[in-house]
There are 2 protein chains.
Amino acid sequence: MVELNAPQLDTVFHALGDATRRHMLHALAGGERTVGQLAEPFAISLAAASKHIKALENAGLIRREIRGRTHVCRLDPGPLASAHHWLSFYERFWTGRLDVLEMLLRAEDAGRSPTPEGEEQ
Amino acid sequence: MVELNAPQLDTVFHALGDATRRHMLHALAGGERTVGQLAEPFAISLAAASKHIKALENAGLIRREIRGRTHVCRLDPGPLASAHHWLSFYERFWTGRLDVLEMLLRAEDAGRSPTPEGEEQ
DNA sequence: CCTATATTCAACCCTATGGTTGAATTAAAC
DNA sequence: GTTTAATTCAACCATAGGGTTGAATATAGG
């Protein structure tokens, strides 16, 4: 999996922070879609949809292939995998694996100022 | 796990779309931190840091407890779990589980216009 | 009480974002 | 070759975002 650096995570999470774009990704999970097809469900102009698609493309979430006068988009799961992986770091906080949690906290928190003692009990 | 609705996913992903805020979350993975402690690593004003923290709080990613004159923040993993879960929908696209992928595509894509034939080979 | 500390509030600035409309581009269709 | 269709481009508008500074708030400590 490709580890995204900070600026790339910025653009990926930013792209995901919009319901229209998330909906477009979901549509693309069903296979290739043209710009027109992606725009169709929304009550916005094609130009606006085009900007959303460009944001997704910019984040690397989709790839575009120009076939004649239509632009065909397809999902590129790589950045989604990276975002998923980034979030996985915090997985121990919502699973019951408190043993792992504590170990990691000890390790990562070592060498810090007064170091608060509470540590999520 | 709490399923976040669209507006909540908006705020969560938006909050994650900033390196400063992601860094703050990472710090909070090490235990409780005050506003001052969270702000310290960054070359920004305390007011700016306060806004970032408010964005995280607004997204439900952190909780704040006011102890005297200091505000102590701690991670709330719930929304991270929801974001992670949201991304998991796409997991089949980056894992090798093409069998599952194809089944799901067939199911979800049923009843759609010309239905492109390519379907990510 | 007075002072120092921790944090927010308010006003402001600049840039980015998401939307619009109308013109431009490109290719398919006839 | 003219028309129609699929997209983008450019200019514009309003609002949100992230930053600043200076004043306000509230509490801890002498």
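So you know, we letter chains A, B, ... as the sequences are listed, proteins then strands, and number each from 1. Fair warning: this is a prediction, and the values are worked out from it, not measured in the lab.
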Undergrad: Could you check how far CE of A:M24 sits from C1' of C:dG18, rounded to whole Å?
TA: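 Those two atoms, CE and C1', are 12 Å apart.
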Undergrad: Between A:H23 and A:F42, does the ring centroid distance fall short of 6.0 Å?
TA: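 Centroid separation for A:H23 and A:F42: below 6.0 Å.
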Undergrad: For B:F93 versus A:A29, what's the shortest heavy-atom pair and its separation?
TA: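 Heavy-atom minimum between the residues: CZ-O, 3.3 Å.
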Undergrad: Could you say whether A:D18 or B:A49 is positioned toward the 5' end of DNA chain C, judged by the nucleotide with the nearest heavy atom to each?
TA: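 Closer to the 5' end of DNA chain C: B:A49.
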Undergrad: Round to the nearest Å and state the distance from B:L56 atom CG to C:dT7 atom P.
TA: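 Value for this atom pair: 15 Å.
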Undergrad: Rounding to a whole Å, what distance do you find between A:F42:CZ and C:dG19:C1'?
TA: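 Rounded to the whole Å, the gap is 15 Å.
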Undergrad: Please report whether the ring centroid of A:H84 lies less than 6.0 Å from that of B:H84.
TA: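 Here the rings of A:H84 and B:H84 have centres that are less than 6.0 Å from each other.
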Undergrad: Look at B:H52 and D:dG19 and indicate whether a side-chain polar atom (N or O) is within less than 4.0 Å of OP1 or OP2.
TA: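 For D:dG19, OP1/OP2 do have a side-chain N/O of B:H52 under 4.0 Å.
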Undergrad: Within the side chain of B:S88, is there an N or O that forms a donor-acceptor pair under 3.5 Å with the backbone of B:E91?
TA: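 Pair absent, no side-chain N/O of B:S88 close to backbone of B:E91.
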Undergrad: According to a strict under-4.0 Å criterion, is B:S45 in side-chain N/O contact with OP1 or OP2 of D:dG19?
TA: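 Answer no for this pair, as no side-chain N or O of B:S45 is under 4.0 Å from OP1 or OP2.
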Undergrad: In this structure, how many angstroms lie between the C1' atom of C:dG19 and the NZ atom of A:K54, rounded?
TA: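 For the pair A:K54 NZ and C:dG19 C1', the rounded distance is 14 Å.
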Undergrad: Using a 4.5 Å cut-off on heavy atoms from C-beta on, say whether the side chain of A:I53 contacts that of A:M24.
TA: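 Side-chain contact under 4.5 Å: yes.
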Undergrad: Pull out every protein N or O sitting under 3.5 Å from an N or O of nucleotides 27-30 of chain D, one pair per line with the distance.
TA:
{"from": "D:dT27", "atom 1": "O2", "to": "B:R69", "atom 2": "NH1", "distance (Å)": "3.4"}

Undergrad: According to the interplanar angle, ranging from 0 to 90°, do the rings of B:H26 and A:F89 count as parallel (below 30°), tilted (30 to 60°) or perpendicular (above 60°)?
TA: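 The rings of B:H26 and A:F89 lie parallel, inter-plane angle below 30°.
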Undergrad: May I have the distance from A:E65 (atom CD) to D:dT7 (atom C1'), rounded to whole angstrom?
TA: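 Atom CD in A:E65 sits about 16 Å away from atom C1' in D:dT7.
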Undergrad: Should B:E32 and B:R67 count as an ion pair when the cut-off is N to O under 4.0 Å?
TA: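 So B:E32 pairs with B:R67 through a salt bridge.
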Undergrad: From CD of B:Q37 over to P of C:dA6, roughly how many Å is that when rounded to an integer?
TA: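 About 10 Å, once rounded to whole Å.
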Undergrad: May I ask you to say what A:T20 touches in the nucleic acid, namely base, sugar-phosphate or nothing, with a heavy-atom cut-off under 4.0 Å?
TA: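 If one applies the 4.0 Å heavy-atom cut-off, A:T20 turns out to touch nothing in the nucleic acid.
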Undergrad: Quickly work out the B:L46 CG to D:dA26 P distance and round it to whole Å.
TA: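 Rounded to the whole Å, the gap is 18 Å.
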Undergrad: Would you say A:S50 places a side-chain N or O within less than 4.0 Å of OP1 or OP2 belonging to D:dT8?
TA: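 Looking at the OP1 and OP2 atoms of D:dT8, one of them is under 4.0 Å from a side-chain N or O of A:S50.
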Undergrad: So if I take every side-chain heavy atom of B:A47 and compare against C:dG18, D:dT8, C:dC9, which nucleotide ends up nearest?
TA: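 Nearest to the side-chain atoms of B:A47, counting from C-beta on, is C:dC9.
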Undergrad: Which is more 5' along DNA chain D, the nucleotide nearest A:K51 or the one nearest A:H71? Just name the residue.
TA: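 Nearer the 5' end of the strand: A:H71.
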Undergrad: To the side chain of B:H14, which of D:dT8, C:dA6, D:dG18 is closest?
TA: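 Selected nucleotide (nearest to the side chain): D:dG18.
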Undergrad: Between C1' on C:dT8 and CG on B:L38, what's the gap in Å once rounded to a whole number?
TA: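 So the CG-C1' distance, B:L38 to C:dT8, works out to 15 Å.
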